[in-house]
Structure formats: structure tokens, C-alpha cells
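Numbering starts at 1 and runs along the sequence shown. Just so you know, these numbers come straight off a predicted model, no measurement behind them. Any value given below was found using the heavy atoms of this structure, including those in side chains, with hydrogens, waters and symmetry copies removed.
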Amino acid sequence: MPTVGVKRDLLFKALGRTYTDVEFDELCFEFGLELDEITSEKEIISREQGDCKASGASDIILYKIDVPANRYDLLCLEGLVRGLQVFKNKLEAPRYRRVGPVSGEPQRLIITTETAAVRPHAVAAVLRNITFTQERYDSFIELQDKLHQNVCRKRSLVAIGTHDLDTVCGPFTYTAKPPADIRFKPLNQAQEYSAVQLMSLYKADSHLKHFLHIIEDAPAYPVIYDSRGVVLSMPPIINGDHSKISMNTKNVFVECTATDLTKAKIVLDVIVTMFSEYCAEPFTVEEAEVVYPDGKICKYPELAYRKEKVSSGFINRKVGINESTDTIARLLTRMCLRSEVTGVGDEIEVEIPPTRSDVIHACDIVEDAAMAYGFNNIPYTTPGTYTIANQFPINKLTELLRQDLAAAGFTEALTFALCSKEDISDKLGKKISETGAVHIANPKTAEFQVARTTLLPGLLKTIAANRKMPLPLKLFEISDVVLKDETKDVGARNSRRFCAAYYNKSPGFEVIHGLLDRTMQLLAVKPGRGDAGYHIQASDDSTFFPGRCAEIFVRGQSVGRLGVLHPDVIGRFELTMPCSALEMELEPFLGRTAETALAHDVPMQEVAKHRPPAPPAPPTRTVFGDVSSPAGLEALDRFLADRSYLEGFAASRADTAVFDAIPAAAAPAALRHLARWYNHIKSFQGERARLPAARGRFVLEDDD
């Protein structure tokens, strides 16, 4: 969570009252914030640099406030005060407007085709007739820094430039040029530099050196000129000194260049809405035109308002409260979401302002309603359903295997999930293009370039690091590898593998083969060909010694390989003795994929001209009585008062049989134990066939 530092006295002045530290801490909690620290500039410097450095620092009290990462409108004093004032019903949420220039044409930013290769997007706006004080100016600069670190992702997505409009002349041109062709006087420097020289100059700058990599290797650098050829900025690195703003600046030209247009619009909206309060006409922003290379013209800032409709009943259910529609609308209005009751049932129309880009779903509106109501005011309730957690099947299988493989005399190793390209390709005698490895876009070291596609390199590197240990070395690992898979939404999938290695003066193939037989015994797979058992057959693999490699088949499906490693492979991992290895997949032994769906698809009903006759209705007579009558339902409710299921501690077909016997019209609502059980068993409709059989009989036929 980003932390905003504000001066306490300045904050209280803007809020119109003085709080004690405890009172303000409670106010922050009510608004969904946290007062993280109460400190001062002198205390901070003393703590970080020592008392001698803090001798001349200010003693003004600072509040360090933690703000949610998606609330960009609270990253400065102006937005924070505005939000708190609206929350306390002392101020109405302002309405932001985009206006045209009083005279002349709008300022225009022209984007050329050369920017497509580096930062293709740009937006702009003008803050006209703004009045700065020292505090407002400092807040304006600090907001840009906060946005750069947060939504702008350290300027990689968006870079903000602010310029004194009276020192430059539009229209402006956003283009890209070779570094040697760009020359200007950067911000707070005394002379001109070329872009190449600037890159060298700022490598020693503690602040700007972190952004150089964004464009450093690009053949052309982005740059913005005015109509007279004056450089406004070289985004995302530095602005020009010629157009720098000061406290005397009256008209501010704001431009944002970006690789993500949506983020650029959000950043521009946040900046202009926060500081349009200080314009001659408060909360108005002068529009600017952006001309794209294809001739398309867009006007910014958008300052778009949109409306969503939610029901108060939905909010009440999700939050766990019971408030009227009018009350819910007032709660949302306190969170800067103007809300009105439409009069259609319990429907509420919610207006989302341009400052609330974090509201993207109905759940965000529900969260704001809960926050305005007060989390501490929500009554405690007992959950309506009981659930029993089960271990993920592949993890359960993994844990069981680990115990028995250790009992077989092998030592478990846990190795890194990332490795170098050579580990999974050249060292194993393979080509990197054949491995299907997932590559890391910006690896920090050569040791972590790709996600592993096999567990073998990790075990061999572990053996190499423990060569001085007594022989033989017998290691195993059960972990995931990552493989490319175009059928997945992320383009890759995890696969659970089992790998073992035997390192000794002799290859020990029989040891690895014996471990395979023991593993199959544990997995209840018998030797044999066909669909019932497992077998191995000779295979060729560049990782293994020719003629000493076998492929493992289980129920006719290839699941892995075992054999004696090739001498070249052993040498590349700096080993000196023979080694045998086994690696195979574990997921085929589950009988179904380990990636169990979180939701069950409901099959669509086919429309037929002649529908088959409806099946007879199930009997309603049970051992508890007739469950179509109140007496039978009450008896069942009493039975379930201290039970989660009819039999044992897991759902079975006994539960589904009684569930079917209860007519839909008699579905329980007032009987809380029965309602809890009924809703829980209803969630099993997609997997009824896999539930265990009932041990007893609960539903009675007519002749019973």
C-alpha cells in the first residue's frame, strides 16, 4: 500500500477542525485508511542518517497514512481532504467539467508514426489560471511521484510531464528520434546535452537511473517539441528546463505518454481533477486535442461519468446488513458515488466519477457501502453452511509418495523452479527450441532465465554440490515443472513430476529400475502391457547413454523415462562418476487431471420437438416422516441440528436421496439447520454420480 505523508497542521486546516491523534486514527479506520506513523522530517532524517544530519530539519508533525493501492484519488492532500469531507457529510462531491478555451483553438499534441516502436500513446490537458502556493506546488510535484511509482509502474506504463504553457508555443509534436539527434537543456541543468550524454549523466543519479532501462536500448527515443523546436520533455526520463513550472506558473500544460492508453487516461484524470480546485473556475479543465498518425483527433481529458445500477437487497446480502434502499443510497453518496433511488423495486442508480477508476465491478460498490456503514457495525452471524475441506488430490498423492520414497533410502531435494537455458537444453543434449520452456522477460541473473521443464538438472546440480559426501548419493524430488500450453489462458500449465537420481562408482540402473517397481507398487499399478499395467521398452534420448534408456508406459500411455545418463551430460554438470536417473509424470495416476474445475458447467438443454415423458416424482416419505409436510421437515431439522450430513462426515447419496424427496415448493427457509444442509447439498448437483453410496436407507417407497 502506498504511504502519503501530509503535514498535520495543514491537514487539519483543510479539514476545518483539529483532531487528536486517536480521533484522526479512528477517522482513517472508518474511511478505510490507516494512520501508519506520526513523525516529523527531523525524526525521519535522524533515524535514517543520524542526529548530526537532522540538526537543521523541520519539527513540523507529519502524518504517514496508508492508502489502498487502487485509490489514486487519495494520493495527495487535496484528494484526501475532499474524500474525508464528503465522507463526513461536510461537502458534496464536486462535479468535474471539461471546457473549451475561452479564446482561440485548443492546444494540440500531434503524434507521429515514429513513436509506435517505443511509446505509442499520449494524452494532454490544460489547467488554466491556476494559483499555486508553496504547499500546493509541493503537493502537485509529490502526486506525480506517487503516480509514477504506483499506477504508472515506475514510468514503464505512463510518464507524466507538466509544463508552463506560457513559456512554450503550440501545437506540440510527439515524435521519436535517434539519440544523437536529440539535444536540449534538461531540468535543473546548466547546459545542453545530447540524449546519449544524458543517459551517461543520469546513470549516477539516484532518482533517474531507475528509469533509464525503459528506452536505453531503443533505436529512437521519444521526445516532445513545441512549434518553435523547443524540447518540452524526453519521456519517460526528464523534462526540459525551458518549460519547467514554478509557483508563479498560471497555465499548466499536462501531457502523459504511455504504452497503455487506459492507464494514461486514468493518470491524466487524477492529476487534473485533484488540482482543478485551484483554477479560477474551480473543477474545470481546459481540453486539449491529440492528433494520431492516422489523422484521428481525440479530446482529453475524458472526465467520463458512468452510471451503474445495483439493488439494495444485493448489497444487504453481501455485506450482512438490513438497511433500507434510501439508507444504502446515502451510504454510497458519502463515498463520492452519487446515488439515487430509481423507484423500481429496490434499485439504486450509482454515478461513478472520473476520480474512481477503482470501481469496475458491483463488488466494488458493495465494498464502499460496507465501508460507509462501518465494518465494526456489521453484526456477527453464524455461517449458513458447513463445509469440510479436502486436500488437493495431487498434493495428497505427492505427500504419500514422499514418505515411502524416503523409506526406500532416497533423500528428498527441493531445487529452484527457475534455471538457466543451458541447464534444460545444452547440458542435457537438447535444443532450447524443443523444450517448450517459458522464458522470463527480464531475468536478474543467468541462473534464472527460464522455468524448468524437467527436474533432472536440479538434482544433478545438487549432486555436484555434494560430491564430497559418502557414496552412493540417492536423491529424489517431487515438484512441478512448467510447460507451454496454448489451451490455457496464461499460455502455460504446471505438471507434477517425480524424479530420482543414483550417483555411484557404477551406474546402478538396477537401483533406479527397482525404485520404479516400488513406486508402481505404491500406486497400485501391476506389471503388464495393455490397459491394466505398466511396462518399459527401449528408447532413444540424447540425455541418456545409447542403448541404456527406456520409456515408461502406464496403461498404454507414455509417462516418463529412465536410464543411465550420457557421459557428456555427466561431464557438463561437473560430475565424474556414472549416474542413473528416472523421471515421470504423476498426474496420470489420479485418473483425471489435477486441475479440477472450480465450478461445474451446467449442460444446455436441447430443444426437442417431442419431449420424453417426465420421470415420476420421487417419494416424499422418509424415516423422518413425510418431508412434504411441516412435521417431516421439522423432524429432519432436529436431526441435522448437530450434523453436517445424514451419514458420517462427508456428503453421500443418502443426502441427495433425501434432498430429492423434498418438493421444491417445500424448500426450507425458516428451519435454519435444514436450510443450511439443503443449500449445501444443492451445491453437489454437478458431482452427484461421484458421491459414495448410502450405507442406510432414508427414503421409503409406498410399499414400505
Side-chain angles (χ1 to χ4, degrees), residues 2 68-76 78-79 82 93-100 106-112 115-116 118-128 140 143-163 170 172 174 214 222 224 232-233 235-236 252-277 279 283-308 336-337 351-361 364:
N70 60 349
R71 288 298 303 269
Y72 315 125
D73 57 315
L74 302 178
L75 291 176
C76 62
E78 288 73 15
R82 204 174 299 162
R95 190 159 194 88
Y96 307 98
R97 295 187 299 115
R98 184 182 72 189
V99 298
Q107 296 295 332
R108 178 169 287 192
L109 179 62
I110 302 169
I111 304 177
T112 67
T115 61
V118 278
R119 300 176 76 81
H121 305 293
V123 295
V126 175
L127 290 172
R128 182 70 68 177
F140 188 60
L143 175 61
Q144 295 177 55
D145 289 338
K146 294 292 184 185
L147 292 172
H148 275 149
Q149 295 298 318
N150 191 2
V151 63
C152 299
R153 295 295 186 270
K154 296 183 178 180
R155 304 192 189 183
S156 60
L157 297 182
V158 185
I160 308 165
T162 53
H163 313 278
F172 307 100
Y174 173 45
I214 300 174
I224 299 178
L232 274 68
S233 66
V252 180
F253 178 69
V254 185
E255 45 85 5
C256 299
T257 59
T259 56
D260 186 320
L261 181 58
T262 301
K263 291 290 191 294
K265 294 177 182 178
I266 292 173
V267 170
L268 183 65
D269 282 352
V270 170
I271 290 179
V272 298
T273 53
M274 292 301 101
F275 289 90
S276 60
E277 177 182 359
C279 292
F283 306 116
T284 61
V285 185
E286 184 179 308
E287 66 185 18
E289 294 180 346
V290 175
V291 183
Y292 288 90
D294 59 359
K296 179 183 175 182
I297 299 177
C298 293
K299 293 183 178 182
Y300 296 105
E302 289 188 345
L303 298 183
Y305 285 83
R306 77 176 199 275
K307 293 186 177 181
E308 301 287 346
C336 295
L337 303 177
E351 185 179 61
I352 314 299
T355 54
R356 294 300 306 275
S357 60
D358 59 298
V359 180
I360 57 178
H361 190 275
D364 298 311

Grab the two heavy atoms, one from [X] and one from [Y], that are nearest each other, plus how far apart they are.
X	Y	answer
Pro354	Tyr96	CG-CD1, 4.1 Å
Val285	Pro301	CG1-CG, 3.8 Å
Val290	Ala124	CG2-N, 4.1 Å
Thr257	Glu255	CG2-OE1, 3.9 Å
His163	Leu232	CE1-O, 3.1 Å
Arg119	Tyr174	O-OH, 2.6 Å

**OP:** Using the six-membered ring of Tyr305, assess whether NZ or CZ of Arg95 lies under 6.0 Å from its centre and within 45 degrees of the ring axis.
**Re:** yes
Decide yes or no for [X] and [Y]: does some side-chain heavy atom of the first lie under 4.5 Å from some side-chain heavy atom of the second?
X	Y	value
Pro236	Ile160	no
Arg97	Leu303	no
Val359	Arg306	yes
Lys154	Gln149	yes
Phe140	Thr162	yes

Using 0.5 Å steps for rounding, measure from the [atom1] atom of [X] to the [atom2] atom of [Y].
X	Y	atom1	atom2	answer
Ile224	Ser233	CD1	OG	3.5 Å
Ile111	Lys296	CD1	NZ	10.5 Å
Cys256	Lys263	SG	NZ	13.5 Å
Gln107	Glu289	CD	CD	10.0 Å
Cys298	Leu261	SG	CG	8.0 Å
Arg155	Ile214	CZ	CD1	7.5 Å

**OP:** Could you go through the side chain to side chain contact (heavy atoms under 4.5 Å, CB included) check for Arg71 and Arg356 one step at a time?
**Re:** CA-CA 7 Å; Arg71 288 298 303 269; Arg356 294 300 306 275; 3.5 Å; yes
Would you say the side-chain atoms of [X] pair up with the backbone N or O of [Y], donor to acceptor, closer than 3.5 Å?
X	Y	result
Arg82	Pro94	no
Asp364	Ile360	yes
Asp260	Val158	no

Name the atoms and distances for all side-chain donor-acceptor pairs under 3.5 Å in residues 264-275, with sequence neighbours left out.
from   : atom 1 : to     : atom 2 : distance (Å)
Lys265 : NZ     : Glu302 : OE2    : 3.1
Thr273 : OG1    : Asp269 : O      : 2.6
Thr273 : OG1    : Val270 : O      : 3.1

Original post:
Between Arg108 and Ile297, does a side chain to side chain contact (heavy atoms under 4.5 Å, CB included) hold up when you go through it step by step?
Top reply: CA-CA 9 Å; Arg108 178 169 287 192; Ile297 299 177; 3.9 Å; yes
Original post:
What pairs with Phe172 under ring-ring contact (aromatic ring centres under 6.0 Å, His included), at least two apart in sequence or on another chain?
Top reply: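 In terms of ring-ring contact (aromatic ring centres under 6.0 Å, His included), with neighbours along the sequence ignored, Phe172 is linked to Phe253.
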**OP:** Decide yes or no on side chain to side chain contact (heavy atoms under 4.5 Å, CB included) for Leu127 and Ser276, but give the supporting numbers first.
**Re:** CA-CA 7 Å; Leu127 290 172; Ser276 60; 4.3 Å; yes
